[in-house]
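In what follows, a single structure is set out as structure tokens and then discussed.
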Amino acid sequence: MCRGLAGVVGRRIVSATLPRGRVRPLSVKPVASVLVRRLEGRTIAGLHRRGKRVVIEMTEAVGRPREWLVIEPRMTGQMFVVDPPTEEHVRLVVDLAGGRPARFLFWDRRGLGTIRLLDDRGLEAACGASKLGPDGLVVTGDDLAAHLGRSRRAVKAALLDQRAVAGIGNIYASEILHRVAIHPRTMCRRVRRADWERIAAATRRVLAEAVALEGSSIGDETYRTADSRPGRAQQRHRVYDREGKPCRRCRAAIERIVLAQRATFFCPACQARTNQRKR
DNA sequence: CGTTCAACCTGGGCGC
DNA sequence: TGCGCCCAGGTTGAAC
């Protein structure tokens, strides 16, 4: 998402619009009228990412400190610099002065995403270390072992805990554990020290590959790049959404279970539970 | 401390 | 074709 928005850096915001009635009050801070007023006339100083959130840095302005436009896409939120799939699910439009792209927008079919304009303190409170752990692209075995090593939680559920490691979603949690042949229900405290290292390495690799392939697009109105192209990472999924299909490593049928209320996919042969008992 | 459930939403798919 | 259910890439808070 952030890569697709690269062209917005250094640009001045001519106007911002939150189409009436299209955003849940609870999902926007401050209230729409104030948010819009604070964005207009500002210049975009930088583009960042904190875990799964897009963070757009605003320069200081008269009477305003540096601020951060934080967009949390959740399930169906997407950023576009071209026309979105539908008009009715557009939640935020930001028009930019001269140049391309002429605008960017936040589109969200289900409307679960959030839009916030925060000062430095607000950013720290919302995206600081108390809320988000080390980023998945750079997480280490030490990070994971320190945060999860004594936990009784199932390792797959734990990888989705953004305070432990930021940026792993439900697709990639299953993919990561398949890479390291660990059963998703394995209790964290049963994971060996060396295996945390392998999980961290797989996390970095799986996420980096997914970014390189521009994300996972499963179905029609699912994730698209900012210029509306589907990603290609789904072609490389080894287990996610492959229930009953042969494991690409051993040909056993991929299984689907529900773990901590989320669909979880794994290979019952490669990821047998007996593989990771401590002794 | 951890799990489960509900809630926030829309829409596609499927069984009947 | 229409209805009722289940499902979906996420997060949060209450109840237990």
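Numbers restart at 1 for each chain; the letters A, B, ... are given by sequence-line order, proteins then strands. These values consider heavy atoms only, across backbone and side chains, with no hydrogens, waters or symmetry-generated copies.
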Taking the side chain as everything from C-beta on, heavy atoms only, tell me whether L207(A) gets closer than 4.5 Å to I168(A). yes
Check whether any side-chain N or O of K52(A) sits under 4.0 Å from OP1 or OP2 of dT11(C), and answer yes or no. yes
Carboxylate-amine/guanidinium proximity below 4.0 Å for R49(A) and D135(A): yes
Sugar-phosphate only, base, or nothing, as touched by R91(A) at under 4.0 Å among non-hydrogen atoms: nothing
Interatomic distance where CD belongs to Q78(A) and C1' belongs to dT10(B) [whole Å]: 14 Å
Counting only side-chain nitrogens and oxygens, does S151(A) get under 4.0 Å of the OP1 or OP2 atom of dG2(B)? yes
Separation of atom NE2 in H147(A) from atom C1' in dC1(B), rounded to whole Å: 13 Å
If you compare every side-chain N and O of R153(A) against the phosphate oxygens of dT3(B) (OP1, OP2), does one of them come in below 4.0 Å? yes
Just name whichever nucleotide pairs with dC16(B), Watson-Crick or G-U, keeping both distances under 3.5 Å, else none. dG2(C)
Are R262(A) and dG10(C) close enough that a side-chain N or O sits under 4.0 Å from OP1 or OP2? yes
Under 4.0 angstrom, heavy atoms only, what part of the nucleic acid is R109(A) near: base, sugar-phosphate, or nothing? base
Could you state the OH-C1' distance from Y223(A) to dG10(C), rounded to the nearest angstrom? 16 Å
Counting any heavy atom closer than 4.0 Å, what does A263(A) reach on the DNA or RNA strands: base, sugar-phosphate only, or nothing? sugar-phosphate
Write down the distance separating the C1' atoms in dC8(B) and dC3(C), rounded off to the nearest Å. 24 Å
If only side-chain N and O atoms of R185(A) are considered, is one of them under 4.0 Å from the OP1 or OP2 phosphate oxygen of dT3(B)? no
Which distance, rounded to the nearest 0.5 Å, do you find between the CZ of R53(A) and the SG of C2(A)? 13.0 Å
Quick one: do R229(A) and E214(A) make a salt bridge, cutoff under 4.0 Å? yes
Side chain of M75(A) (C-beta onward), nearest among dG11(B), dG10(C), dC7(C): dG10(C)
Determine: side-chain N/O of H89(A) to OP1/OP2 of dC9(B), distance under 4.0 Å, yes or no. no
Heavy atoms, side chains only, cut-off 4.5 Å: are I218(A) and H237(A) in contact? yes
Taking 4.0 Å as the cut-off, does a side-chain nitrogen or oxygen of Q261(A) come that near to OP1 or OP2 on dC5(B)? yes
What nucleic acid atoms does S174(A) come within less than 4.0 Å of, heavy atoms only: base, sugar-phosphate, or nothing? nothing
Over all strands shown, is E221(A) touching base, sugar-phosphate only, or nothing at heavy-atom distances under 4.0 angstrom? nothing
Minimum-distance nucleotide to R24(A) side chain [options: dG2(B), dT11(C), dC8(B)]: dC8(B)
Among dC8(B), dT11(C), dA8(C), which nucleotide sits nearest the side chain of Y240(A)? dA8(C)
Figure out the NZ/P separation between K29(A) and dT12(C), and round it to whole Å. 11 Å
Contact class for I218(A) vs. all strands (heavy atom < 4.0 Å): base, sugar-phosphate, or nothing? base
Please report, rounded to the nearest Å, how far the P atom of dA8(C) is from the CZ atom of F265(A). 7 Å
Using a heavy-atom cut-off of under 4.0 Å over every strand shown, decide if A154(A) touches base, sugar-phosphate, or nothing. sugar-phosphate
P-based separation of dA6(B) from dC6(C) [nearest Å]: 12 Å
Mind calculating the distance between CZ (R152(A)) and C1' (dG2(B)) to the nearest angstrom? 10 Å
Whole-Å distance separating the CZ atom of R50(A) from the P atom of dT11(C): 16 Å
Integer-rounded Å distance: dA8(C) C1' and L259(A) CG: 17 Å
Do the side chain of R50(A) and the main chain of A126(A) share a donor and acceptor less than 3.5 angstrom apart? no
So if I apply the salt bridge (Lys or Arg N to Asp or Glu O under 4.0 Å) rule between E72(A) and each of R116(A), K131(A), K52(A), which one comes out positive? R116(A)
Using heavy atoms to find the nearest nucleotide of DNA chain B for A260(A) and R74(A) separately, return the residue whose nucleotide is more 5′. A260(A)
May I ask you to say what G169(A) touches in the nucleic acid, namely base, sugar-phosphate or nothing, with a heavy-atom cut-off under 4.0 Å? sugar-phosphate
